[in-house]
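First the structure, in the form of structure tokens, and then the observations on it.
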Protein chains: 2
Amino acid sequence: MTGETERREAAEQLALTLVGAGMQRMGARAIAAFLFSEEESLTAGDLAQELGVSAGSVSGAIKMVAQMGLIERIYVAGSRREHFRMRDNAWTTLYSRQHSVVTDVLDAVEKGVGAVGPGRAHDRLEYMRDFYTFLINEAPMLVERFEQQRRGEPRS
Amino acid sequence: MTGETERREAAEQLALTLVGAGMQRMGARAIAAFLFSEEESLTAGDLAQELGVSAGSVSGAIKMVAQMGLIERIYVAGSRREHFRMRDNAWTTLYSRQHSVVTDVLDAVEKGVGAVGPGRAHDRLEYMRDFYTFLINEAPMLVERFEQQRRGEPRS
DNA sequence: CCCTGTCTTCAGAAATTTCTGAACATTCGC
DNA sequence: GCGAATGTTCAGAAATTTCTGAAGACAGGG
């Protein structure tokens with residue numbers, strides 16, 4: 001049975017790598033806390049205590065990760081607080097959502113294709129457009145395939 | 001025939017969306033400049049002029065995008081300057097490289113799996129590990145598939 | 001060897017992001 | 001409706017990132 005300290009350190013370590021991957025600090029710490037928690041759900045107060053930060057920071061972090069689709073609110077009878085838990089499909093959802101940023105890029109590329117005449121730049125832009133379009137089309141199938149595969153071999 | 005101003009604006013616009021996608025500002029502006037350039041290659045000086053920034057900034061930006069595998073140095077006879085050009089497979093390369101950050105995350109998750117006993121946290125960590133492992137395995141095939149498909153229908 | 005053109009490094013300035021804390025809003029039980 | 005518990009907002013402080021400019025390193029021609 002491993003210690004509480006070790007668990008927290010592993011959580012902080014994961015948060016750091018998520019920051020390295022582009023996520024914002026407090027959001028990363030929050031999602032790591034959810035991921036590593038043995039509780040069914042956490043409240044804003046729980047998080048503030050676990051992370052040692054102000055209520056304001058927690059409010060912002062929760063809004064962010066909820067917006068990303070990683071956590072959801074659940075209703076707990078007899079509690080006035082807002083309880084949140086990590087969604088089961090959080091990571092596949094996150095992967096699918098990257099699409100919104102990819103479509104933004106794609107829009108900008110399309111504008112570029114329209115803004116330059118034939119030539120090297122035009123060719124490069126077309127290539128980029130084609131690849132990102134391909135990714136957007138393929139991602140849902142990829143996720144689907146993962147879920148099927150996982151259903152196939154349910155437990156380790 | 002579209003104007004120079006329009007081309008620059010489209011480039012800056014794309015740079016901004018890349019920043020939104022997590023890339024650093026000057027690196028994004030540099031890669032956009034390469035993408036939109038009609039020249040075969042650009043030098044640090046060209047970039048400094050095109051972007052209106054200092055030589056120091058350009059040096060850092062070039063190092064960054066070269067490190068990402070998006071541009072490569074080419075040797076131009078009779079020129080003492082270092083010429084760079086965007087690699088043909090820049091975007092597929094970039095996609096494949098994301099793996100290094102994904103593997104970092106994966107390492108942290110592995111540590112987490114080891115650090116918690118059986119329970120909810122353990123299950124969540126395993127799920128996350130399985131999904132990211134799946135992605136890492138699938139990505140090369142995805143890129144391969146794109147390239148094959150593109151070879152099939154060469155030009156629009 | 002020196003000189004010139006080119007690129008890199010790095011300390012500090014500037015800009016941006018992130019966090020806090022306190023005031024305010026909301027909700028629910030009574 | 002009132003009061004207590006909980007959550008949100010926002011202005012400013014703190015921390016971090018990014019850019020610049022000047023000094024220095026390096027390479028090649030003469």
Side-chain angles (χ1 to χ4, degrees), chain A residues 11-12 14-34 39-68 70-85 101, chain B residues 11-12 14-34 39-68 70-85 101:
Chain A
E12 286 298 333
L14 178 60
L16 281 182
T17 67
L18 289 177
V19 170
M23 195 176 296
Q24 277 162 340
R25 196 173 124 81
M26 199 54 87
R29 293 188 70 203
I31 198 63
F34 277 105
E39 306 300 323
E40 171 65 21
S41 64
L42 297 176
T43 67
D46 296 338
L47 269 186
Q49 173 146 42
E50 174 79 17
L51 302 177
V53 296
S54 70
S57 294
V58 169
S59 177
I62 284 181
K63 185 189 285 184
M64 172 185 319
V65 295
Q67 153 75 30
M68 284 197 274
L70 297 179
I71 63 173
E72 63 191 347
R73 179 170 184 184
I74 62 178
Y75 292 86
V76 174
S79 170
R80 255 166 78 180
R81 311 224 241 159
E82 298 191 2
H83 290 251
F84 296 90
R85 77 164 171 208
V101 342
Chain B
E12 287 299 332
L14 178 59
L16 282 181
T17 65
L18 289 176
V19 170
M23 194 175 296
Q24 278 163 337
R25 193 173 127 83
M26 198 55 87
R29 293 188 69 203
I31 199 62
F34 278 103
E39 306 300 321
E40 171 64 20
S41 65
L42 296 176
T43 67
D46 295 338
L47 269 186
Q49 173 147 43
E50 175 78 19
L51 302 178
V53 297
S54 71
S57 294
V58 169
S59 180
I62 284 180
K63 185 190 283 182
M64 171 186 315
V65 293
Q67 154 75 31
M68 283 197 273
L70 297 179
I71 63 174
E72 65 192 346
R73 180 170 182 188
I74 62 177
Y75 292 87
V76 173
S79 171
R80 260 165 73 180
R81 308 223 240 160
E82 298 192 4
H83 290 251
F84 297 89
R85 77 162 172 213
V101 342

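The chains referred to below are lettered A, B, ... by the order of the sequence lines, with proteins before strands, and numbering in each begins at 1. Quick note: numbers below take in every heavy atom, side chains included, and nothing from hydrogens, waters or symmetry partners.
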Per B:R81 side chain, nearest of listed nucleotides C:dC7, D:dG7, C:dG21: C:dC7
Length of the line joining B:M26:CE and C:dA14:C1', which is rounded to integer Å: 13 Å
Integer-rounded Å distance: C:dG5 C1' and B:H83 NE2: 13 Å
Distance, rounded to the nearest Å, where A:Y75 contributes OH and D:dT6 contributes P: 17 Å
Closest approach of A:A21 to B:V101 (non-hydrogen atoms, all atoms of both residues): CB-CG2, 3.8 Å
Touch class at under 4.0 angstrom, heavy-atom based, for B:V58 against every strand present: nothing
d(CE, A:M64; P, D:dT8) in whole Å: 13 Å
Contact under 4.0 Å: A:K63 side-chain N or O vs D:dT9 OP1/OP2: yes
Distance (rounded to the nearest 0.5 Å) between B:E50 CD and B:F34 CZ: 10.5 Å
Length of the CZ-C1' vector between B:R80 and D:dG28, whole Å: 5 Å
Atom-to-atom span, CZ of A:R73 to C1' of D:dG7 - whole angstrom: 10 Å
Length of the CG-P vector between B:L47 and C:dT6, whole Å: 15 Å
Under 4.0 angstrom between B:S57 side-chain N/O and D:dT20 OP1 or OP2: yes
Sugar-phosphate, base or nothing in reach of A:R25, heavy atoms under 4.0 Å: sugar-phosphate
Check: A:R81/A:T43 side-chain N/O donor and acceptor closer than 3.5 Å: yes
N/O (side chain, A:S59) to phosphate O (OP1/OP2, D:dT8) under 4.0 Å: yes
Whole-Å gap separating P (C:dT18) and CD (A:Q24): 4 Å
A:H83 vs A:L42 side-chain heavy atoms within contact, under 4.5 Å: no
Over all atoms of both residues, closest heavy-atom pair of A:A28 and A:L18: CB-CB, 3.9 Å
